[in-house]
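See below for the structure under consideration.
Quick note: residue numbers are just sequence positions, from 1.
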Amino acid sequence: MANKEISKVNPSIKKLKLLVTIVDRSKALFYTDLIEQFEVNMQTVVYGKGTAASEMLSYLGLAEIEKAVILSFVKEENVKEVLETLSEKFQKVKNGKGIAYTIPLKSIIGVSIYQFLANSKVFKKEEQSNE
């Protein structure tokens with residue numbers, strides 16, 4: 001069921017987006033900690049290398065560039081603030097340049113998975129009996 005349809009049934013359910021952040025590998029922990037402050041419950045970091053050929057990097061006097069791709073599930077209401085914060089850090093942190101963008105999620109299977117990814121806390125009322 002699409003998030004839009006779920007939202008009609010239960011207005012407390014908010015849309016989620018997948019935030020993709022690409023940074024230098026040495027800054028991965030810094031950015032995962034930063035993103036976590038925006039009610040992000042799950043992040044995955046995938047390591048890779050830049051796209052420039054090794055010959056070109058050596059010609060320019062640069063070492064091979066190792067990257068980290070951070071995948072984070074963010075509530076749609078927090079996306080603007082997260083992207084603005086990341087943009088600010090990309091400009092101010094030494095060697096902290098990066099790229100960040102979001103991908104909308106159309107559907108998620110299961111309420112439990114949604115609640116986990118959305119960092120939603122669900123509390124059950126326990127029935128008290130006076131027996």
Side-chain angles (χ1 to χ4, degrees):
M1 184 181 287
N3 281 347
K4 189 174 187 179
E5 294 171 11
I6 293 172
S7 296
K8 289 179 184 176
V9 174
N10 187 347
S12 65
I13 295 178
K14 307 292 183 191
K15 292 182 182 180
L16 294 175
K17 291 198 174 194
L18 177 64
L19 172 67
V20 180
T21 311
I22 304 169
V23 295
D24 284 342
R25 190 178 291 198
S26 63
K27 298 293 182 187
L29 184 58
F30 171 79
Y31 283 107
T32 54
D33 288 344
L34 178 70
I35 295 167
E36 189 176 328
Q37 297 173 11
F38 295 94
E39 298 182 51
V40 172
N41 199 36
M42 183 184 152
Q43 298 186 79
T44 300
V45 179
V46 181
Y47 296 113
K49 293 190 178 193
T51 57
S54 297
E55 298 82 24
M56 178 179 258
L57 290 171
S58 62
Y59 177 75
L60 296 173
L62 301 172
E64 286 204 22
I65 301 169
E66 295 182 329
K67 297 289 183 184
V69 179
I70 305 167
L71 305 172
S72 315
F73 292 93
V74 180
K75 291 179 191 174
E76 187 175 52
E77 62 199 42
N78 295 339
V79 167
K80 183 178 178 184
E81 188 178 4
V82 172
L83 290 174
E84 287 173 354
T85 302
L86 286 170
S87 178
E88 178 185 324
K89 295 298 181 186
F90 290 158
Q91 295 172 18
K92 292 184 177 180
V93 173
K94 184 177 181 181
N95 298 323
K97 302 264 187 246
I99 299 169
Y101 59 92
T102 60
I103 301 171
L105 298 175
K106 295 292 180 190
S107 64
I108 297 173
I109 298 173
V111 174
S112 298
I113 294 172
Y114 168 81
Q115 289 171 337
F116 174 73
L117 295 176
N119 200 21
S120 298
K121 295 180 179 133
V122 179
F123 300 99
K124 289 185 179 178
K125 289 185 177 180
E126 293 184 16
E127 293 182 24
Q128 297 178 353
S129 62
N130 294 330
E131 295 178 33

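Considering all non-hydrogen atoms of both residues, Q43 and S72 come closest at OE1-OG, 3.0 Å. Contact detail for N78 and F38: the closest heavy-atom pair is ND2-O, 3.3 Å. Between D24 and N95, the closest heavy-atom pair is OD2-O, 3.7 Å. Contact between A100 and L86 at its shortest, heavy atoms only, is CB-CD1, 3.8 Å. Contact record, A68 with V45: CB-CG1, 4.0 Å, taken as the closest heavy-atom pair.
Grouping the Ile, Leu, Val, Met, Phe, Trp and Tyr side chains by contacts below 4.5 angstrom, directly or via other members, places F30 with V74. Taking hydrophobic clusters as Ile, Leu, Val, Met, Phe, Trp and Tyr residues chained together by side-chain heavy-atom distances below 4.5 Å, V40 shares a cluster with F90. When the side chains of ILVMFWY residues are joined at heavy-atom separations under 4.5 Å, either directly or via intervening members, I70 and L16 end up in two distinct hydrophobic clusters. Note on I35: it clusters hydrophobically with Y47, by side-chain heavy-atom contacts below 4.5 Å among ILVMFWY residues. Taken together through direct or relayed side-chain contacts under 4.5 Å among Ile, Leu, Val, Met, Phe, Trp and Tyr, L18 and V69 form part of one hydrophobic cluster.
Remark: the backbone N or O of G96 is paired with a side-chain donor or acceptor of Y31 at under 3.5 angstrom. Within the 3.5 Å criterion, the main-chain N or O of L83 finds no donor-acceptor partner in the side chain of S87. Between the side chain of K27 and the backbone N or O of K94 there is at least one donor-acceptor pair closer than 3.5 Å.
The NZ atom of K75 sits 11.5 Å away from the CG atom of L117 when rounded to the nearest 0.5 Å. With values rounded to the nearest 0.5 angstrom, L71 atom CG is found 9.0 Å from I22 atom CD1. Rounding to the nearest 0.5 Å gives a distance of 12.5 Å between CZ of F73 and OG1 of T102.
Between L19 and V79, the closest side-chain pair of non-hydrogen atoms is not below 4.5 Å.
Counting non-hydrogen atoms of neighbouring residues, nucleotides and ligands closer than 6.0 angstrom, the CD atom of E77 exceeds 12 such neighbours.
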